[in-house]
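What follows is a set of notes on a single structure, which appears directly below.
Residues: numbered from 1 along the sequence shown.
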Amino acid sequence: MSGVWVFKNGVVRRENPGGGESCGSRRRKILVYLPTNEVITSNEMLATKLAELGWELYPSTPDLVQFHKRSSVHLISVPRDFSRFTSVHMYDIVVKCRNVFEVRDA
């Protein structure tokens, strides 16, 4: 495991010599709706799929979209800007909607 430790903008990261990817880099993840094997690409698409499962829009902050299911205490929160949708949000959805969604490597 070779590399160079670089301190930049308050963050320490190990980079491989020759300009390769840093050790901390990860593959991009995608959220897949299993019944149709569709990749979720927008908040509108996610809202449609969640509505089919009984999730309702819940009042939230300007930067979040939240969904609530009346039969549970769970709340799903995702950023209103879909470009900020991360694997943390994806796994939150997978845990709360078991056997319906799956996170995969892109």
Note: Pro62 and Arg80 closest approach over all heavy atoms is O-NE, 2.7 Å
- prompt: Are Ile30 and Val103 connected in the hydrophobic side-chain network, where two residues link if heavy atoms are under 4.5 Å apart?
  reply: no
- Task: Consider only side-chain heavy atoms of I, L, V, M, F, W and Y, link residues closer than 4.5 Å, and tell whether Phe82 and Val78 are in one cluster.
- Result: yes
Are Val39 and Leu53 joined in one hydrophobic group, where the rule is that I, L, V, M, F, W and Y side chains link up if heavy atoms are under 4.5 Å apart?
no
Value for OH (Tyr58) from CG (Leu75), rounded to nearest 0.5 Å, stands at 6.5 Å
Practice problem: Verify the neighbour count for atom CG of Asn37: are there more than 12 heavy atoms of other residues, nucleotides or ligands below 6.0 Å? | Solution: yes
Heavy atoms of Lys69 and Trp55 approach each other most closely as N-CE3, 3.5 Å
Evaluation steps, side chain to side chain contact (heavy atoms under 4.5 Å, CB included), between Phe67 and Ile93 | CA-CA 10 Å; Phe67 301 93; Ile93 293 166; over 6 Å; no
Verify the cluster assignment for Met90 and Val32: are they in a single hydrophobic cluster under the rule of side-chain heavy atoms below 4.5 Å apart? no
Correct closest heavy-atom pair for Gln66 and Ser60 would be OE1-CB, 3.2 Å
Report task. Kindly indicate, with the supporting measurements, whether the criterion side chain to side chain contact (heavy atoms under 4.5 Å, CB included) is fulfilled by Val65 and Leu57. Result -> CA-CA 8 Å; Val65 177; Leu57 275 174; 3.7 Å; yes
dist Thr48:OG1 -> Met45:CE (nearest 0.5 Å) comes out at 8.5 Å
In terms of heavy-atom contacts, Asp92 and Ser77 come closest through OD2-N, 4.1 Å
Here the gap from Tyr91 atom OH to Glu102 atom CD, rounded to the nearest 0.5 Å, amounts to 9.0 Å
Heavy-atom closest pair (Ser72 atom, His68 atom, distance to 0.1 Å) is O-NE2, 3.3 Å
| query | Are Arg28 and Asp105 close enough, and set up right, to give a salt bridge (charged side-chain N to carboxylate O under 4.0 Å, His left out), and what steps lead you there? | reply | CA-CA 6 Å; Arg28 193 173 64 91; Asp105 289 328; over 6 Å; no
For this session: State plainly whether one hydrophobic cluster holds both Ile40 and Leu34, where clusters connect Ile, Leu, Val, Met, Phe, Trp and Tyr through side-chain heavy atoms under 4.5 angstrom apart.
Result: no
